[in-house]
Amino acid sequence: MPQPSFAPPEPALAARLLQRVAFRDRLPAGRLRPPVGIIPGDIRSLSSLFLHLAPQPNSLPGVNLGRLQDWVRDVLGDAVLADAIREAVGASQSHVDGCLRVYELVAVRLAQAEAVGAAMPPVHTVEESAPEGTS
Amino acid sequence: MAMHGYAGKILHLDMSAGKANEVPTEKYRRWGGGHGLGSALFWDFCKDKTIKDGRNPANVVCVCTSPLNGTIAPSAGGRCDVVGVGVGQHPQSWYTRSGFGGRFSTMLKYAGWDAIVITGKAAKATWVEIANDHVTFHDAASLWGKDTWAAQQAIWEQTGHARGKTAQAAWREAAKGLGDTLSTQPPAVLCIGPAGENQTAHGCLVHDAGNGAGQGGFGAVWGSKNLKAISVIGTGAISVADPQALLKARFVLKEKYVTSWDRPDFGQWSHLGGLPNPLTMTPPPTDERRPQACQSCINGCRTRASVGYGNESTCQETAWYISAASRVAKSPAQLGEVNMRAADVVQRYGLNSFVFQTGLHWLELLHEERVIGGGKVPSSLPWDKYGTLEFAEKLIHALSHREDIGKDLADGWVQAAEKWGRTEDLANGNMAFSYWGMPDHGYDPRAELDWGYGSILDSRDINEHCFNIIFTNVNAAFAFGKPMRLEAGELVELVARKLTPYIKGRTDVLDFGDANMYSEGVAQLVRWHRHYTRFYKQSALYCDLKWPDFYNTNTPNMEGATASEDAGEQVFWNAVTGDRMTFDQGMELGRRIWNLDNAIWTLQGRHRDMVHFAPYIYETPFTKGELYPFYMWPCRNARGAWEYTDVMGRTLDKAKFDEWKTIYYGLEGWDTKTGWPTRKTLAGMDMSVVADELAAARRLGADA
């Protein structure tokens, strides 16, 4: 799979990508753990999305890849990543294949955001992390 | 006459008098074992069946084994069922059940007992030691306050099995209660932790490191009776009527129904046919580990790892903190470690983590909206550390000790929502507690009808994966884009062959599509499910993770072991007990037990008007992607052809569900106006004495 090549995020976007969004803006996403079940969960940051999509030997990520694109665009505010996700999902052969492709994208984007944001002070509070009008 | 499979005696612990009494099992033989045995004992021993909270001293708790416990019946040898009135449900707590595995039930039978009936309330903290026939009530002052692991360790020390003692010394100590016999085994201990001692709603019973009777709040019930622990060691054995037949059936099961170790089919579809696999929700932290299982299980769903944490925990308790931990974890490895250590925390406190399945998300919401931690619900918990192990410990400590938000949550979460003015969360689904004040399991009533309808007709989240294996098999294949091992039409044909006696061959009962969701067929399926599980799963004590086996791609004709002549549930039962029971007769016994349970609920105050889901099930659609992106289930399309169909995105229609209940009650032979049992139905099952008690309470249903 070729490495995605998008430009690093601007500092303001990088900061947003490293923060946690408000509970109301979370993206519900469970896991399927055969043979016993679905585990409810959600995604509230790019890093938790990265952990959610990380391939595991015993369970399958349960994020709705269609809604994920909208969430990345509207809640995280990252149109570049959202477009890349849409393209990757469109080219995927299955849900799992789509998750793997998106995982690669998210890994790159997270690394970019961390690199850009390395010099910035960490921000963890929900009030500060939520985009305008969502808290 | 020898009662093969049974120990022959039931132990009655009169906590008020501090006395142990013996009851012959023979009197209750017709109820099979496990739950059926427990319901019959509850019926006889509980003198006030109107109680609505399990902490009432009149409550009776029964811990019951099956004839299969202590034998090599596959995935049936080590389960145990606990019954009694529960704690913390809404609008009241029902007579309910909870199961657990391990070695307690086996050891109880080796000690000579088929069940324990616990009545009354001890004057002070007590633990009970059972060593074969010797039963001793001990002062538990030194144990009270200890967590479940420390309490078990202390009991092992007091009974001569402390770590570091020589085997000979341990044997000598143990022999004091064992007559002329010896055992190398440590006693099996079932106990409560701080959550149970403080009688909190989700206090549970814990045995060894990771076996818990979670739902029902039985830890709180034990706490209310001042009962800290029961320890049992036995040196007897269980008589098996036909050992050769038992061994043969076990070999057949392994050779025919379970995938080969040499050439494993990891994509096989079945309930029975997989290989041992630790059922932790995050991957085991290391490959330096070995399987661990309940007695005689072919599954080995637990693991013990060299890292020393998370050992023996599986399933729900290894899921409760994943979402929270993902807020702060920096890597999958860190997420896994926090998650598995959080599993240890709930095991030690003896708190049922199932309540966090959806409840933790709700608490997080309330905190972010400043309901918790604001003026309305003060909280000094370190919410800024949400997702860390430190927060997990402090949260569980608070809930187990009735401190902080635990004060309000201790008597039930929906009750707390009412107190905090957040009942709207039950309408919009922010608080996904769908039935009887308990959390949705994930198999949402709006999608998986057998699970939802079964739970609201029962007394708890049923947690029975009988039909749910369809969801898992189909959706995993769908997620990978793999060909289906069984097409929808083929799958429903195979399942329907097993639905004997009264819906055998009826594929329509499995159609959960919009057009069929309130049908007589679905009512029949739910009915079959309630009867099957009441006997085979909760009384014979076949493990939920392995049985029933409807279809099985390891076999040439794809038929599963359930009800089969070579390795069906009844084959093992008969080999152990010497009965000549047919599969259908087992189903009939399940129906009888289900009717007895409904009689108890009726005396407790249940009426059909109470049998409804939380408002969000009717008012808020089960949105696509809420838990999983799709929920594929076999349904018939407009042309009547079977296909796997996504059943998400819908609500239940309250009026139609109400009409569906009328169909269901009619099929059961219950009064359709009230949902109460009728004399005709009860008398037909030789249960006129139950009808008499209902009539005396003016709660006997009218015959149709």
Side-chain angles (χ1 to χ4, degrees), chain A residues 20-45 47-68 70-71 89 92-100 103 110 114 124-127 129-130 135, chain B residues 271 274 277-284 301 314-316 318-320 322-323 325-332 334-336 357-358 361 364-365 367-369 384 432 439-444 465 468-469 471-473 475-476 478-482 544-545 623-631:
Chain A
R20 198 167 76 196
V21 304
F23 186 89
R24 294 269 183 201
D25 287 328
R26 77 198 190 282
L27 180 65
R31 295 195 75 80
L32 175 59
R33 170 64 176 98
V36 289
I38 302 180
I39 311 162
D42 56 25
I43 292 164
R44 292 184 60 182
S45 67
S47 64
S48 69
L49 175 61
F50 173 73
L51 284 175
H52 182 78
L53 293 172
Q56 293 194 358
N58 65 349
S59 64
L60 298 172
V63 64
N64 184 319
L65 296 174
R67 286 179 65 182
L68 176 64
D70 298 337
W71 184 79
V89 172
S92 66
Q93 305 298 309
S94 67
H95 173 72
V96 172
D97 182 38
C99 288
L100 289 170
Y103 172 68
L110 184 60
E114 285 174 343
H124 292 297
T125 61
V126 170
E127 292 81 4
S129 70
S135 57
Chain B
H271 228 155
N277 181 14
L279 286 178
T280 53
M281 295 299 186
T282 47
C301 69
T314 56
C315 206
Q316 212 293 319
T318 68
W320 79 271
I322 289 179
S323 191
S326 72
R327 306 275 188 266
V328 294
K330 299 296 183 196
S331 67
Q334 191 184 39
L335 174 66
Q357 172 108 349
T358 60
H361 295 271
E364 189 183 15
L365 167 68
H367 172 254
E368 290 199 7
E369 294 194 342
D384 59 323
D440 181 357
H441 200 103
Y443 306 115
D444 195 281
H465 294 74
N468 178 260
I469 190 72
F471 165 83
T472 301
N473 288 154
N475 286 272
F478 190 79
F480 278 104
K482 289 181 176 176
D544 178 56
L545 294 178
T623 315
K624 285 183 186 295
E626 201 162 293
L627 274 170
Y628 212 70
F630 34 82
Y631 208 113

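What you see below is based on every heavy atom in this structure, not just the backbone, and it leaves out hydrogens, waters and symmetry mates. Remember, it's a predicted structure, so these values are computed and weren't measured experimentally.
Looking at every heavy atom in both residues, His271(B) comes nearest to Ile469(B) through CD2-CD1, 3.9 Å. The two residues Ala432(B) and Thr358(B) have their closest heavy-atom pair at O-OG1, 3.1 Å. Shortest non-hydrogen contact noted between Arg33(A) and Ile39(A) is CB-CD1, 4.4 Å. Nearest heavy-atom pair across Gln357(B) and Gln316(B) is OE1-NE2, 2.8 Å. Across Ile322(B) and Met281(B), no two heavy atoms sit closer than the pair CD1-CB, 3.7 Å. Leu279(B) and Pro34(A) get closest at one heavy-atom pair: CD2-O, 4.1 Å.
The contact between Thr280(B) and chain A is made by backbone and side chain atoms together, counting heavy-atom distances below 4.5 Å. Proximity to chain B (any heavy atom under 4.5 Å) is shown, for Asp42(A), by both the backbone and the side chain. Both the backbone and the side chain of Ala329(B) come within less than 4.5 Å of a heavy atom of chain A. Contacts between Ala29(A) and chain B at a heavy-atom distance below 4.5 Å involve the backbone alone (N, CA, C, O). Using a 4.5 Å cut-off between heavy atoms, His361(B) contacts chain A through both its backbone and its side chain. The contact between Leu365(B) and chain A is made by backbone and side chain atoms together, counting heavy-atom distances below 4.5 Å. Leu51(A) touches chain B through its side chain: at least one heavy atom from C-beta onward sits under 4.5 Å away, while N, CA, C and O do not. Neither the backbone nor the side chain of His367(B) comes within less than 4.5 Å of any heavy atom in chain A. When heavy atoms are compared at a cutoff of 4.5 Å, Glu369(B) approaches chain A solely by way of its side chain, counted from C-beta outward.
Of the listed residues Ser331(B), Pro283(B), Pro278(B), Gly274(B), the one with more heavy-atom pairs under 4.5 angstrom with chain A than any other is Pro283(B). Ranked by heavy-atom pairs shorter than 4.5 Å toward chain A, the options Gly336(B), Pro284(B), Ala476(B) are led by Ala476(B). Heavy-atom pairs under 4.5 Å with chain B peak, among Ser48(A), Pro40(A), Gly41(A), at Pro40(A). In terms of non-hydrogen atom pairs under 4.5 Å with chain A, the most contact-rich of Glu364(B), His441(B), Lys482(B), His465(B) is Glu364(B). Put simply, of Asn58(A), Ile43(A), Val63(A), the one with the most heavy-atom pairs under 4.5 Å next to chain B is Asn58(A). Ranked by non-hydrogen atom pairs under 4.5 Å with chain B, the options Ser45(A), Pro61(A), Ser59(A) are led by Pro61(A). Ranked by non-hydrogen atom pairs under 4.5 Å with chain B, the options Ser92(A), Gly30(A), Gly62(A) are led by Gly62(A). Counting heavy-atom pairs under 4.5 Å between each of Leu68(A), Val96(A), Leu65(A) and chain B puts Val96(A) at the top.
By the 30° and 60° cut-offs, the orientation of the rings of Tyr628(B) relative to Phe630(B) is perpendicular.
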message: Using the rule given for side chain to side chain contact (heavy atoms under 4.5 Å, CB included), can you reason through Ile38(A) versus Phe471(B), listing the C-alpha separation, both sets of side-chain angles and the distance that settles it, and then say yes or no?
response: CA-CA 10 Å; Ile38(A) 302 180; Phe471(B) 165 83; 3.4 Å; yes
query: Could you walk me through whether Thr623(B) and Arg67(A) pass the side chain to side chain contact (heavy atoms under 4.5 Å, CB included) check?
result: CA-CA 11 Å; Thr623(B) 315; Arg67(A) 286 179 65 182; 3.6 Å; yes
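Using a cutoff of 4.0 Å between basic side-chain nitrogens and carboxylate oxygens, Arg44(A) and Glu368(B) are scored as salt-bridged.
Checked against the 6.0 Å centroid threshold, Phe478(B) and Phe480(B) do not count as a close aromatic pair.
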